[in-house]
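All remarks here apply to the structure that follows.
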Amino acid sequence: MAMKLWASSTAKALKISCANRTRATPSLTFSVSRCFSTVLDGLKYSSSHEWIKHEGSVATIGITDHAQGHLGEVVFVELPESGSTVAKGGSFGAVESVKATSDVNSPISGQVVEVNSKLTEAPGLINSSPYGDGWMIKIRPSSLSELEGLMDSGEYTKFCEEEDAHH
């Protein structure tokens, strides 16, 4: 983690621009952006740095590798109750790190059907596995059309690079 942040800061300070590289593993394709964050293909992304994976009647939501990298070590996670509703763009919880506390927003509207209870005891899963064990909530979407307004992996990578260039 420290190496990743150091590399990002060093690359930025030296104005090194690495071309996006796409790597493939047997079951996973991802891109590495200039800031060395992982962006997975097959997910949708919001401008507030949440990801969403829609499978069947359920959508899984978490924060991106880019977001967790900027937050630093996550020490506490606040999640909603199962059965509650979330609104597109509305806060459903918070992530507290050694640097800051940030709201987590829902990319789409729906009803919470499951929360990741592992995060209560191990909030660092968001850092070590943001797209895997660090997922936050699963919802039953109210309107699948809301997915259409979200970014794909290429658009999100470009968004992050442009955002980082302005900071």
Side-chain angles (χ1 to χ4, degrees), residues 1-9 22-141 147 150-153 156-157 159-160 163-164:
M1 174 74 159
M3 179 59 100
K4 180 180 180 182
L5 292 173
W6 175 85
S8 177
S9 299
T22 302
R23 299 179 186 171
T25 60
S27 62
L28 201 53
T29 304
F30 59 92
S31 299
V32 179
S33 72
R34 188 183 87 192
C35 62
F36 307 108
S37 296
T38 301
V39 177
L40 299 183
D41 291 333
L43 303 180
K44 292 288 193 171
Y45 299 88
S46 70
S47 59
S48 55
H49 302 286
E50 290 84 16
W51 60 265
I52 185 165
K53 182 177 184 177
H54 179 246
E55 296 178 296
S57 64
V58 175
T60 304
I61 299 171
I63 66 168
T64 65
D65 186 42
H66 184 81
Q68 72 79 23
H70 281 279
L71 282 169
E73 181 186 352
V74 175
V75 295
F76 179 76
V77 179
E78 179 184 325
L79 297 172
E81 295 289 322
S82 188
S84 62
T85 58
V86 294
K88 178 181 177 178
S91 174
F92 68 77
V95 174
E96 183 179 329
S97 73
V98 294
K99 293 182 182 179
T101 299
S102 297
D103 285 337
V104 183
N105 301 317
S106 184
I108 64 171
S109 303
Q111 181 178 24
V112 178
V113 295
E114 187 178 351
V115 297
N116 188 350
S117 58
K118 290 181 187 177
L119 297 179
T120 304
E121 296 297 319
L125 288 171
I126 289 175
N127 298 115
S128 62
S129 183
Y131 303 113
D133 291 337
W135 64 273
M136 299 180 82
I137 63 172
K138 293 185 180 192
I139 67 170
R140 184 173 298 110
L147 289 167
L150 300 172
M151 294 176 270
D152 64 21
S153 60
Y156 181 68
T157 297
F159 173 81
C160 291
E163 188 178 71
D164 284 351

Got a second to check how far [X]'s [atom1] is from [Y]'s [atom2], nearest 0.5 Å?
X    : Y    : atom1 : atom2 : result
Q68  : S128 : CD    : OG    : 8.5 Å
I108 : K88  : CD1   : NZ    : 9.0 Å
S46  : L150 : OG    : CG    : 6.5 Å

Carefully, step by step, assess T64 and E50 under the rule side chain to side chain contact (heavy atoms under 4.5 Å, CB included).
CA-CA 6 Å; T64 65; E50 290 84 16; 5.8 Å; no
Side chains of [X] and [Y], heavy atoms from C-beta outward: is any pair under 4.5 Å?
X    : Y    : answer
F92  : S106 : yes
M136 : I61  : no
I139 : I137 : yes

Tell me the closest heavy-atom pair linking [X] and [Y], and the distance in Å.
X    : Y    : result
S102 : L71  : OG-CD2, 3.4 Å
V115 : S82  : CG1-N, 4.4 Å
D65  : Y131 : N-OH, 3.2 Å

Can you list everything that forms a side chain to side chain contact (heavy atoms under 4.5 Å, CB included) with [X]? Sequence neighbours excluded, please.
X    : value
T101 : A94, E96
S84  : P80, V112
N116 : K118, L119, W135

Please walk me through it: do L125 and N127 pass side chain to side chain contact (heavy atoms under 4.5 Å, CB included)?
CA-CA 5 Å; L125 288 171; N127 298 115; over 6 Å; no
Would you list the atom pairs, donor with acceptor, under 3.5 Å between side chains in residues 51-60 and any protein atom, with sequence neighbours excluded?
from: W51; atom 1: NE1; to: I63; atom 2: O; distance (Å): 3.1
from: W51; atom 1: NE1; to: P130; atom 2: O; distance (Å): 3.0
from: H54; atom 1: NE2; to: G56; atom 2: O; distance (Å): 2.9

Sequence neighbours excluded, which residues qualify as salt bridge (Lys or Arg N to Asp or Glu O under 4.0 Å) partners of E81?
none
Worked verdict on C160 versus H66 for side chain to side chain contact (heavy atoms under 4.5 Å, CB included):
CA-CA 8 Å; C160 291; H66 184 81; 3.6 Å; yes
Taking only residues two or more places apart in sequence, or in another chain, which ones meet Y156 in a ring-ring contact (aromatic ring centres under 6.0 Å, His included)?
Y45, H49
